[in-house]
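Just so it is clear, the structure is predicted and the values come from calculations on it, not from any experiment. Protein chains get the first letters and strands the later ones, always in sequence-line order, with residue 1 at the start of each.
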Amino acid sequence: MPASPQGSQKLPGRSRIKESREYARIKSHGRRFGTGSLLVNWMLEPSCSRSRVGIIVSRKVGNAVTRNLAKRRLREVFRKHQSQLLPSLQLVIVARPSIARKSFWEVEQDFLQAVKTAQIRSAPSAS
RNA sequence: CUGGAAGGGCGGAGGGUCGCUCCGGGCUUCGGUCCGGGGAGGAAAGUCCGAACUUCACAGGGCGCGAUGCCGCGUAACCUUUCGUCGCAAGGCGCAGGGAUACACGCGGGCACCCCGGGGGAAACGCCGGAGUGACGGAUAGUGCCACAGAGAACAUACCGCCUUCCUCAGCUCGCUGUGGAAGGUAAGGGUGAAAAGGCGGGGUAAGAGCCCACCGCCCGGUGCGCAAGCCCCGGGGCACGGAAAACCCCAUCGGAAGCAAGGCCAAAUAGGGGACCUCGAGGCGGCCCGCCUCACGUUCUGCGGCAACGCAGAGCGGGUCCCGGGUAUCGGUCGCUUAGACAAAUGACUCUCUCCGGGCAGGCUCCGGUCUGCCCGCAGACAGAAUUCGGCUUACAGCCCUUCCAGAAUC
RNA sequence: GCAUUCGUAGCUCAACUGGAUAGAGCUUCUGACUUCGGAUCAGAAGGUUACAGGUUCAAAUCCUGUCGAAUGCA
């Protein structure tokens with residue numbers, strides 16, 4: 001598998017959802033389902049050119065170290081696979097407490113399963 | 001060598017690909033992009049103390065509230081006309097120096113209590129040495145408390161005892177002994193209790209008692225030593241003064257309040273805010289001149305009793321005059337803010353090499369305790385993530401290193 | 001960030017200003033009643049008073065420190 005010829009792998013701060021109003025809008029108006037240790041809310045925003053992500057990790061997950069690690073891993077997973085997603089996708093990922101015991105590879109599988117179930121991939125893979 | 005205790009230190013190293021954040025510089029179509037550099041801890045944690053800093057309040061003082069409580073020394077952020085270093089400069093940096101603050105804390109000392117060892121003594125006890133503990137001003141400023149048990153518990157107390165006198169009865173060696181009772185004396189002994197009103201020895205006495213005396217303890221005064229807390233010695237008093245202030249409290253000292261969500265500035269939007277004077281019912285709360293709440297009163301509206309009047313219920317507003325231009329802003333921006341410096345909060349993902357640690361498998365050696373080699377597994381494996389800064393305390397912590405002490409084994 | 005309150009039996013709460021054995025209801029278990037079960041009656045079990053120190057003769061209570069939970073303010 002070639003190293004993602006299409007699209008960037010960067011994730012600058014503009015690709016992050018940062019305002020409380022946007023979180024509330026996506027969680028109330030978007031679609032929602034859960035897979036594994038994740039709970040995914042998403043909606044399409046045609047006016048916004050790039051897809052964006054926001055991450056919620058509550059205090060039930062663990063202490064500050066555990067919560068920061070979960071947020072970094074979810075951000076890394078989105079960064080690696082953002083080019084395969086639909087453009088102008090607004091995504092809010094909520095982590096469940098079971099994420100504290102999973103490795104990066106397991107979190108990645110959960111995310112890919114969620115993407116497959118939601119059918120928000122941009123184009124079917126070549127193979 | 002092994003194990004334990006105390007104290008101190010460390011908390012993997014180096015590299016590659018992709019990515020995040022801040023700063024400086026270049027290019028830019030202002031969206032970005034390239035180069036260089038910086039980027040979590042010993043506890044960053046809990047927020048338990050204290051300080052800096054900021055705003056508000058403030059003549060001074062009082063009441064109230066809170067904290068601290070043997071003595072001495074030392075220490076941070078902070079300031080700096082010092083020194084070094086970086087920079088053209090502004091300025092930054094420093095295991096440098098100097099100055100300042102702490103009733104945070106650390107170190108040392110004193111005293112008290114308890115334990116151990118030594119030696120003195122008949123004992124009580126005090127002496128010497130060591131370890132530990134101490135919220136370590138005052139119980140003669142006052143108020144209150146000390147359950148149960150016990151005769152009596154802070155104004156002491158007479159249950160059993162002991163002693164004296166008197167009465168009754170019995171015995172006989174005829175004025176003594178004993179039984180029972182009454183009046184009194186007595187805190188030495190028994191018993192109760194956590195605690196029984198100085199300890200112990202001698203004198204004294206009917207029996208006793210600081211009633212008297214020696215020693216110890218206690219209280220008062222003085223000399224000397226020590227910066228001081230205190231200590232040594234001398235003299236006097238003749239004993240009164242139980243515990244507890246982590247009960248109320250008293251004394252001394254300190255503390256104005258709130259906290260970077262402090263606070264300053266600005267864009268946009270929306271209509272309300274502040275001050276002075278006069279007037280004004282009651283109660284409660286907020287520590288004390290003001291505000292909020294409730295009730296009453298006045299007034300407006302709505303509903304019900306058919307309407308008005310009136311009553312009930314609910315909701316809203318609380319007077320007048322003058323003056324000022326501002327006020328709010330809760331995940332708006334920016335400054336505060338940092339050679340880490342964010343504001344949905346940056347250190348990550350994958351991987352290679354080395355070396356720690358733990359486990360498993362195989363093989364070699366073996367004094368059968370182990371040891372060496374190779375491979376594999378365990379997120380480099382513990383606790384844990386900066387949010388204004390600094391000092392301290394407390395709590396959590398895989399493993400490793402150093403020093404001292406103790407115990408065991410082996411060798412000399 | 002600051003402030004406040006609370007941890008008592010499996011659950012909900014008591015225990016006065018320290019005084020002895022920590023109490024009540026529900027729950028659980030056992031027995032009785034019943035053909036069986038429910039209800040009822042009787043009995044029993046269940047507690048390191050969150051943890052660790054300290055003050056005191058004596059601590060659930062007073063003091064200090066940890067741990068946990070909840071609430072409020074801007």
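- The CD atom of Glu76(A) sits 10 Å away from the P atom of G19(B) (whole-angstrom rounding).
- In this structure U61(C) sits in the anti conformation; its chi angle is more than 90° from 0.
- Here G238(B) is in the anti range [glycosidic angle more than 90° from 0].
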Steps toward side chain to side chain contact (heavy atoms under 4.5 Å, CB included) verdict (His81(A), Leu112(A)): CA-CA 9 Å; His81(A) 300 285; Leu112(A) 292 176; 3.9 Å; yes

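- The distance from atom CZ of Phe104(A) to atom C1' of U351(B) is 13 Å, rounded to the nearest whole Å.
- Here G369(B) is in the syn range [glycosidic angle within 90° of 0].
- Pairing for G325(B) is absent, with no Watson-Crick or G-U wobble pair whose two atom distances lie under 3.5 Å.
- The strand RNA chain C forms stems, runs of 3 or more Watson-Crick or G-U wobble pairs with distances below 3.5 Å, at C:1-7 with C:67-73, C:10-13 with C:23-26, C:28-32 with C:40-44, C:50-54 with C:62-66.
- Salt bridge status for Arg73(A) with Glu76(A): absent, with no side-chain N to carboxylate O gap under 4.0 Å.
- Summary of the strand contacts: Ile55(A) and Thr66(A) both lie near RNA chain B, and taking for each the nucleotide with the nearest heavy atom, the more 5' one is attributed to Ile55(A).
- Nucleotides A59(C) and A194(B) have their P atoms positioned 13 Å apart, rounded to a whole Å.
- With a cut-off of 3.5 Å on both pairing distances, C343(B) has no Watson-Crick or G-U wobble partner at all.
- In this structure, NZ of Lys80(A) is placed 15 Å from P of C20(B), rounded to the nearest angstrom.
- Rounded to whole Å, atom P of A349(B) lies 12 Å from atom CD of Glu108(A).
- Note: Ile55(A) CD1 to Leu74(A) CG = 5.0 Å, rounded to the nearest 0.5 Å.
- With a cut-off of 3.5 Å on both Watson-Crick or G-U wobble distances, the partner of A229(B) is given as none.
- Rounded to whole Å, the separation between the C1' atoms of G392(B) and G65(C) comes to 16 Å.
- A gap of 10 Å separates the C1' atoms of U101(B) and A52(B), to the nearest Å.
- Both distances falling under 3.5 Å, in either a Watson-Crick or a G-U wobble arrangement, occur for no nucleotide opposite C241(B).
- On the C1' atoms, A282(B) is 32 Å away from G272(B), given to the nearest whole Å.
- Taking atom C1' on both nucleotides, C213(B) is separated from U173(B) by 45 Å, rounded to a whole Å.
- In this structure, A315(B) and U300(B) make a Watson-Crick or G-U wobble pair, each of the two defining distances being under 3.5 angstrom.
- Of the two residues near RNA chain B, Trp105(A) and Lys71(A), the one whose nearest nucleotide lies more 5' is Lys71(A).
- Pair check for G399(B) finds C10(B); Watson-Crick or G-U wobble, both atom distances under 3.5 Å.
- Taking atom C1' in both A308(B) and G281(B), one finds a spacing of 32 Å when rounded to whole Å.
- In this entry A309(B) has no Watson-Crick or G-U wobble partner, no candidate having both defining distances under 3.5 Å.
- His81(A) places its NE2 atom 15 Å from the C1' atom of G348(B), with the value rounded to the nearest Å.
- The CZ-C1' distance, from Arg75(A) to A342(B), rounds to 12 Å in whole Å.
- Comparing U347(B), C379(B), C18(B) by their nearest atom to the side chain of Arg73(A) picks out C379(B).
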Chi angles and distances behind the side chain to side chain contact (heavy atoms under 4.5 Å, CB included) call for Phe111(A), Val40(A): CA-CA 9 Å; Phe111(A) 178 77; Val40(A) 176; 5.7 Å; no

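- Rounding to the nearest 0.5 angstrom, the gap separating the CZ atom in Phe104(A) from the CD atom in Gln109(A) is 10.0 Å.
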Taking only N/O atoms, report every protein-nucleotides 39-43 of chain B pair under 3.5 Å with atom names and distance.
none

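- One C1' atom belongs to G50(B), the other to C402(B), and the distance between them is 34 Å to the nearest Å.
- Between the P atom of A349(B) and the CZ atom of Phe111(A) lies a distance of 17 Å, rounded to the nearest Å.
- Rounding to whole angstrom units, CZ of residue Arg79(A) and P of C350(B) are separated by 12 Å.
- Base orientation at G31(B) is syn, since its O4'-C1' glycosidic dihedral falls within 90° of 0.
- Summarising the base pairing, C295(B) is matched to G281(B) through a Watson-Crick or G-U wobble pair whose two defining distances lie under 3.5 Å.
- Spacing of C1' atoms, A44(B) relative to G39(B), comes out at 15 Å, to the nearest Å.
- Anti is the classification of G303(B), since its glycosidic angle lies more than 90° from 0.
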